[in-house]
Protein chains: 2
Amino acid sequence: MTRTAQIVSVAREVLETDGLEAVTMRRLADELGIKAPSLYKHVKSRDEILAALQTQAVAELGELLNSDDSADRTGMTGVAARYRAWALEHPALYNLMMRQPLDRERLPSGLEAEAESPVLALAGGDRARARALWAVAHGLVDLELAGRFPPDADIDAAWDAAIDAFERGTRHDSR
Amino acid sequence: MTRTAQIVSVAREVLETDGLEAVTMRRLADELGIKAPSLYKHVKSRDEILAALQTQAVAELGELLNSDDSADRTGMTGVAARYRAWALEHPALYNLMMRQPLDRERLPSGLEAEAESPVLALAGGDRARARALWAVAHGLVDLELAGRFPPDADIDAAWDAAIDAFERGTRHDSR
DNA sequence: ACCTGAACACCGTTCAAGT
DNA sequence: ACCTGAACACCGTTCAAGT
């Protein structure tokens, strides 16, 4: 394991344990038993570390969505459940993944397409519809993570309503 | 105009002009011709200032969604267009508004309900459906603002697809 | 009542220097 | 090749002191 990989790995632990604001150059150095300035021999900046974590997250969530646990609920309901569950288990990582543009240069080619493919399939190959579908899922998760729903809101019911709206008819783009 | 109100007003200008990271106690003080520590005589913390801006934003966007410019497109398409346009005009404010739990104590009572009412109406009074509707709109805006769609994505088409999905049938919650 | 200077405990980052 | 100490330009916030 290269030193750079160790840094990213420690960053992930800290991110998941104590949140983004705890991911500090001094804290990462501390965990590794070195001093903050030493990190810069292995990594260009804090942002570079965060970009690496973003890539990891896209890969992981993509893999999960592609996994077809046939035991699990299938189709839209299953994909939605896996998406939401992953986000709730890794809230800080999910936020990081969504709150900055993808660094498409660095991203392993094809990764983004692979991560999206299950959603595209659910949309019957319609890219616009797939993006709308992604947006509801993201919107529901983001509002839940941000604590923006009223305390008594039935979030499960909101997911059901969303799935309900998208499940009927796969007619294509109406523009 | 009380000093506190001036601080919040300056904070809004700075937020909209230079983004959240520019909203610094020292910067706000500077704009007002005083020193940073003086701000604490009028305001408890930076977070309190941001919470005030969040309240403003909810009120404004709510008012806009309730406005029924009959010249404008009506129904879901019109509301969606106004929602998106406001978010794109005030990106930093929109983010601020969505990225932290509402301070429901401080919020003028009824404000949240009023802001939501047009969406609830579009959902035929179904709260779960209304939340799903809100989530698509928020998801689409959030992904657009974060630069998370591929550069060649047709975002208008994604909105059309979302509207399309929600426009047919107002049958209620299927759980 | 309102404002200031000095300070504290933090940030990310740079750079000369050590091994 | 890898690490460190000292420093720079920042943060939010506190507090004694001035008017």
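Lettering follows sequence order; numbering is per chain, from 1. All values derive from a computational prediction rather than experimental measurement.
Atom-to-atom, CD1 of A:I7 to C1' of C:dG12 comes out at 15 Å; the value is rounded to the nearest Å. Rounding to whole angstrom units, CD1 of residue A:I34 and C1' of D:dG5 are separated by 15 Å. If you take CG of B:L32 and P of C:dC2, they are 14 Å apart, rounded to a whole angstrom. Rounded to whole angstrom, the span from the CG atom of A:L39 across to the C1' atom of D:dT4 amounts to 12 Å.
By the side chain to side chain donor-acceptor pair (under 3.5 Å) test, B:W159 is found to be paired with no residue, residues two or more places apart in sequence or in another chain being considered. Scored by the side chain to side chain donor-acceptor pair (under 3.5 Å) test, B:D30 finds no partners at all (sequence neighbours excluded). The salt bridge (charged side-chain N to carboxylate O under 4.0 Å, His left out) test applied to A:R3 returns no partner, not counting sequence neighbours. Partners of B:R127 according to the salt bridge (charged side-chain N to carboxylate O under 4.0 Å, His left out) rule, which considers only residues two or more places apart in sequence or in another chain, do not exist here. Scored by the side chain to side chain donor-acceptor pair (under 3.5 Å) test, B:D18 finds B:R27 as partners (sequence neighbours excluded). When the side chain to side chain donor-acceptor pair (under 3.5 Å) test is applied to B:Q56, the partners found at least two apart in sequence or on another chain are B:R12.
Distances shorter than 4.0 Å separate none of the side-chain N or O atoms of A:H42 from OP1 or OP2 on D:dA1. In terms of phosphate contacts, A:R3 brings a side-chain nitrogen or oxygen within less than 4.0 Å of OP1 or OP2 of D:dC3. Considering only side-chain N and O atoms, A:T24 lies nowhere under 4.0 angstrom from the phosphate OP1 or OP2 of C:dC10.
Note on B:V136 and B:L120: separate hydrophobic clusters, where clusters join Ile, Leu, Val, Met, Phe, Trp and Tyr whose side-chain heavy atoms are under 4.5 Å apart, directly or indirectly.
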Quiz item: Taking only Watson-Crick and G-U wobble pairs with both distances under 3.5 Å, what dot-bracket line describes DNA chain C, where [ ] shows pairs that cross earlier ones and | shows pairs with another strand?
Solution: ||.|||||...|||||.||

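Counting only residues at least two apart or on different chains, the salt bridge (charged side-chain N to carboxylate O under 4.0 Å, His left out) pairs with a member in residues 38-56 of chain A are A:K44-A:E48. Sorted by first and then second residue, the salt bridge (charged side-chain N to carboxylate O under 4.0 Å, His left out) pairs involving residues 86-98 of chain B (not counting sequence neighbours) form an empty list.
The closest donor-acceptor contact from the side chain of A:T55 to the backbone of A:L107 lies at 3.5 Å or more, if one exists at all.
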Exercise answer: donor-acceptor pairs, residues 143-153 of chain A side-chain atoms, under 3.5 Å, sequence neighbours excluded:
unit_1	atom_1	unit_2	atom_2	d
A:E144	OE1	A:R84	NE	3.1
A:E144	OE1	A:R84	NH2	3.4
A:E144	OE2	A:R84	NH2	3.2
A:R148	NH1	B:M97	O	2.5

Hey, what are the protein-to-nucleotides 13-17 of chain D N/O distances that come in under 3.5 Å?
unit_1	atom_1	unit_2	atom_2	d
D:dT13	OP2	B:Y40	OH	2.8
D:dT13	OP2	B:R46	N	3.0
D:dT13	O5'	B:Y40	OH	3.2

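Proximity of residues 8-23 of chain B to DNA chain C (heavy atom under 4.0 angstrom from any strand atom) is not detected for any residue.
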